[in-house]
Structure formats: structure tokens, C-alpha cells
2 protein chains.
Amino acid sequence: MNIRDLRYLLALAEHQHFGRAARACGVSQPTLSVQVRRLEELLGVALFERGGKAVTPTAALERMIGHAREAVAETEAMIAVARNQRDPLCGRFRLGVIPTLAPYLLPLVFAPLRQALPSLEVEPWEDQTEALLDRLRGHDLDAALLATEVDGPDLASRPLFDEPFLAALPPEHPLVQREVIAEADLAPDILVLAEGHCLRDQALAVCGQGGALSGALRASSLPTLLNMVAAGYGTTLVPGLAAGAAQDAGIVLRPLSAPSGRTVCIAWRTHFPRCAAVEAVGDVIAARLRGFAEGAAAGTVG
Amino acid sequence: MNIRDLRYLLALAEHQHFGRAARACGVSQPTLSVQVRRLEELLGVALFERGGKAVTPTAALERMIGHAREAVAETEAMIAVARNQRDPLCGRFRLGVIPTLAPYLLPLVFAPLRQALPSLEVEPWEDQTEALLDRLRGHDLDAALLATEVDGPDLASRPLFDEPFLAALPPEHPLVQREVIAEADLAPDILVLAEGHCLRDQALAVCGQGGALSGALRASSLPTLLNMVAAGYGTTLVPGLAAGAAQDAGIVLRPLSAPSGRTVCIAWRTHFPRCAAVEAVGDVIAARLRGFAEGAAAGTVG
DNA sequence: GGGAATGATAGTTGTTCCCTATGATGATCG
DNA sequence: CGATCATCATAGGGAACAACTATCATTCCC
């Protein structure tokens, strides 16, 4: 059963004339003639009474034609929806972002995204890496911005930009005197985020598992951590994009003697069909952050 | 666009597995695979995300699937309607009957029709010949019972049975003495129906254009005409099936010396697709009236 | 009865659809 | 870590389908 046949049917019922109906359908008269007859044979019912003068729908067709009309209409509606969805750079795009990145990166990239991909509705979702990966695997996200590379059978990722780490010191800290801080010097009184934050692991990896890691002082968010540092509880590493926020909190920032940092990536399901959207979003973010690493290492925010 | 493809689509969306969906559709897995892909290319949208593990409908498909479901459902409803209509001996059958026949014939044939064609809903429509033919041509009737043969480019007819005429006399009429009446003897004071009734023309044809045709005395229906005869206003010819009614009205009936009558036919449009129904109805009526002519000519009602 | 109009039929060609067989890839398990 | 299984994609071939042009049959009308 072909929708085309139903179109022929409706055209013939409307025009009551094979030639005109065929012209309306853009086919030859024999084509429509044969197809209608085939349909009649298939259904086992006479659909039209072919008089010498007029071609009239039978009572049987009258009862069927409503359904036929609906079937054609629904099919066309479906095709119309498909046509509207055709552009992968269109529609909702659920983008996960880790908490140590979201508040500092999103303000920078929202405007460029909106300009470059006006019909892509980017919906951010803030959560920690593992939760984001779960949601990504569960089709609850379309992509995620992470500070860790992902590569597996089902997920893939692509680096977008490097975010250098800066040493964060309370204003009265003795190390403030130095222009450049050695990572090891931070270790004794370093503060880190609560478990689950990738920044915690990265800071510890850079500075070594400092023994002074006081159990009571684990911040659950980066702003809290910055406040704790500003209040003199200890030092920490801040990612470059948070430099402005750190300074606003009254923290002194210093470059590291051996510059290190983390790589922000965009991750997606290997088989995600709208990878064009992932790519485009990644391009926009990478372009916005181009040259950021150097500037941030020198203490400037892009 | 084929409805079959939509079925594949729905099956795959439901099973989320090519093999099982294919089995549910009764096709091989490559067939379903290829068809779904073709559909995706046709629509220009990815409909499924083919992961290593699961096959999941995309957001685009989620928006389309309702329409697809509706289209399939409507198509199936249409096919179901067609299936129910497939039997031509089923459904409404609008049957025209001329007024001089309807009240006498229909009581005889309703029961046999209902028995022989239980799912055919015979709807009688009483009117004069010309009106019936108009309605027949206008598709407002499916067939008509007439006392005249019809043959033309658009209409055809078939004789069902012969209905003899009987001489109808008031009880006190002098001709009552005779066992058999000559047609010419009726002519002087014959009464006929109003114009438009075919029985009028037939009576006049049999008896000649009797000069005594009083303009004031034209009955508009056969019962009225019978009452007029019974009241002594004149004589007439009655069709055999009305013999009982005539006798009930107090009329004396006599056979004609040169037996004559009219042929009752069933008429239909040449191109009417349910001619099987016409034939069946005709068969039932003819069978019911078989041998009626002889009996009626002898004064008996079948 | 000839001509115009209309639908049906015939023959042909290109497309579509389905099958079986096979390939590619990822998951699973010893 | 390699073998095996599961799953989907691809290839090739054959049957069915749908489209066309050309032609025929019928009806209608003058």
C-alpha cells in the first residue's frame, strides 16, 4: 500500500476525471488508470463507477475516503516535521558542563554560539564528570564539556582548548612575594574540592598528595574554595577561566614555574547522529578561547 | 513514500533492534535495514542512533512518530472498511419501485429478500417511472422495479416476471355476466390513472383511446382508482398483483379474452459496480413470482 | 455515421524491493 | 588476549512494480 496510490485516489475522487486527475498528480492518464484499478483489486472493492460521462466514487469509497485523506495528511505532516528537523544545527542541544567550568566558560561562549548557530537551542546542564557521562550514555545529553579526555567504544571526545592552572594565594601568604610559584611549594597547605570534582584530582596530581590535606576543609564548589583561600585557610590551584572570579574574591594569583593545566574537551556518543552540531559547537568554543592559554598564563583573562 | 516503510519505522522504534523488528514485520533484517536507511535519506534526517548495543530513536523521530502511527492506523482503518465492503451483497441497496407495484409486490418479496440476502439492506423508494430513472441516473438509487423495459447507453434492464391485466368492473356492471371480457368492451367507460403513471398508458394501449375518457375522473393512485371503479364510475384494467386489493374493494375481476399484461423489470445503471446485487435481487423476486402469471390469469393470487 | 473525448490495454523500460550471502564491528568469555 | 557471538551494513541478483508512449474500444454529439 503506497501513499501515492491514495493520492491518486483522492485526486480522482475530486476531479471525477482520469485525465485531469492524472495531470493534477503529475502522471500520465494510463498510469493513474492502472494504479487505481490495482488498488481496487487489492482492496477487492469497486472504488469508482466508470460511466461514459462521469467517473463517480462508489458508496464504498465514500466510507473510505475520510481515512485515506487522513492517512495522506498525516504522512505529509510527518514529512513536514522531518523537513524542519533536517538541519542538524537546529533544535535542542543539551550540553553538559562540569561545575568548575560552567560559570566561567558559559558567559564567554553563549553569545558566539547564539550568533554562529542561531537555531540551535543550547541547553546547559551542570554536573560532575561521571554524572555527565552517565547522562550522555543514557541519551539525556547530546554532548558534554569536560576537563578529561574520553575515549571508549561508545563515547568520543575532542580537545577544544587548554586551560592553564594558576597558583591561588591568600594576600598575606608568604609566597605572594614570588613572581612565580613552584608546584611543590603549594602542596603543604593546598585546599581541594570535594570528591567527584575532576579539578580535585588534577590539583592533587600537579602538586602531589600534600600531607596537609585537612579532611574538614573540602569545598563543595569552586566559589566556596576561593572564599576559603581568600580567608587564609590555605592555597589552591585555580583554572585559568576562574582567574577573574578568584581576583574578585581577593585572591592573589601567580603563574606556576612549570606551567601546567587541563584540556577542556567536548565529548559525545560515538554514534550520535548530529555530530555536525557537536562539531559546530566545539568549533565556536575553540575559536572563542583561541589564544586564551597564553593570555591566562600571563595573568590576563581573554 | 510507502506505508510499509512506516511500519518498519514503528517496529524498529518499538523493538529497538533490527533483527527483532524485521521478524515482527515478516521481512529479513537487511531488508528492514536498507528500507529504514532509504527512508532516512529520503527525509534527510537521522531517525535512529545505531549504537553498538542499542538502536534508539532520535529526537527527530520522536516528533514524527505520532504522525507515522496515525498514518498507519488510518490506512489500516481504510483497508478494514474496504474489507467490510468487499461483498457486493452487503450494505444499503436503494430500490425504486413504481407506485402501482410497490404496495402489492413488496409485501411478497421482502421476506424472501431478507432470507436470501440477509446483509443487504433493501430500502424501497416509491415514485413514478421517470422520477425513478432520474434518481437512478443521479446515483440516488441502485436499481428500480419498473413496468417498462429500459435500454440506453447508461441504463439497462432485465425482465423479472409478467403481470397479466384483469378487467375490473363494478359489481352492477352489465359485463359482469360474461366470463371473459374483450378489451374493446372496456373502452367506452374506462378509467385510468393520472398522467405519469405507466399503468395509464398501458391500459390505454390495451383498450384503445376510449373516447369516454372523462377528464375529471383521473385517479392519482391505484387504490383511489379501484374505489372509483367499485363505486360504479367506470371500468378499468388492474394489474394482477393488485387483484386481491381490487376484490377487497368490492370490484369484480374478469380475465381478458386476449390475455395481455405488463412485464416487470429491474433496471440499473450499465456501469453500476454492484450489479451482482442487482442480479441477486432480481433472482429472488423472479423466483418468488414464478408461475404467478398463469395463476393470476385464472383469478388467483400467488 | 464521422469526429472528439475518454478510459482501457499493450509493450517497454527503469526503479524498487526483497532475498541470500558475506563483511565489519563491537561485546563477551575462556 | 584471542576466539566467538551478536548485530547491523553491504553486495549481488531476481521478481515485482510503476512509469512512459502508442494504440484500441467505447461513448457522445453533431
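We name chains A, B, ... by the order of the sequence lines, and we start the count at 1 in each one.
- Checking the phosphate oxygens (OP1, OP2) of dC18(C), a side-chain nitrogen or oxygen of Tyr8(B) falls inside 4.0 Å.
- Contact annotation: Arg4(B) does not reach the phosphate of dT16(C) (side-chain N/O to OP1 or OP2, under 4.0 Å).
- As rounded to whole Å, 12 Å separates atom P of dA5(C) from atom CZ of Arg23(A).
- A 4.5 Å side-chain heavy-atom check between Glu123(A) and Asp142(A) finds every atom pair outside the cut-off.
- Between the side chain of Arg269(A) and the backbone N or O of Leu136(A), at least one donor-acceptor pair lies under 3.5 Å.
- Protein chain A touches strand DNA chain D; the 5'-most and 3'-most nucleotides with an atom under 4.0 angstrom of its non-hydrogen atoms are dC17(D) to dC29(D).
- No side-chain heavy atom of Arg23(A) sits less than 4.5 Å from a side-chain heavy atom of His15(A).
- Rounded to an integer number of Å, the gap from Arg50(A) CZ to dA8(C) C1' is 9 Å.
- You'll find the side chain of Arg50(B) reaches within 4.5 Å of the side chain of Arg37(B), heavy atoms only.
- Side-chain polar atoms of Arg7(B) and Thr75(B) form no donor-acceptor pair below 3.5 angstrom.
- Going from atom CD1 of Ile3(B) over to atom C1' of dC17(C) covers 16 Å, rounded to whole Å.
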Could you list all N or O pairs between the protein and nucleotides 21-27 of chain C that sit under 3.5 Å apart?
residue: dA27(C); atom: O3'; partner: Lys53(B); partner atom: NZ; Å: 3.2

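- Taking 4.5 Å as the limit, some side-chain heavy atom of Ile79(B) sits within range of a side-chain heavy atom of Arg83(B).
- Comparing Arg20(B) and Gly26(A) along DNA chain D, the residue whose closest nucleotide (by nearest heavy atom) sits nearer the 5' end is Arg20(B).
- Interface residues of residues 36-49 of chain B facing DNA chain D, ordered by number: Arg37(B); criterion, heavy-atom separation under 4.0 Å.
- With respect to Glu163(B) and Arg262(B), a salt bridge is recorded, a charged nitrogen being found less than 4.0 Å from a carboxylate O.
- The backbone N or O of Pro88(A) lies less than 3.5 Å from a partner atom in the side chain of Arg274(A), making a donor-acceptor pair.
- Proximity of Leu146(A) to Ser157(A): side-chain heavy atoms (C-beta onward) are nowhere separated by under 4.5 Å.
- Closest-nucleotide positions on DNA chain D for Asn2(A) and Val34(B) were compared, and the one nearer the 5' end corresponds to Val34(B).
- In this structure, the side chain of Glu40(A) engages the main chain of Phe48(A) through a donor-acceptor pair within 3.5 Å.
- When rounded to the nearest whole Å, the span between CG of Leu12(A) and C1' of dG7(C) equals 11 Å.
- Residue-to-nucleotide proximity on DNA chain C shows that, of Ser33(A) and Thr31(B), the 5′-proximal contact is made by Ser33(A).
- Judged purely by atom type and a 3.5 angstrom limit, Thr129(A) has no side-chain atom pairing as donor or acceptor with the backbone of Cys198(A).
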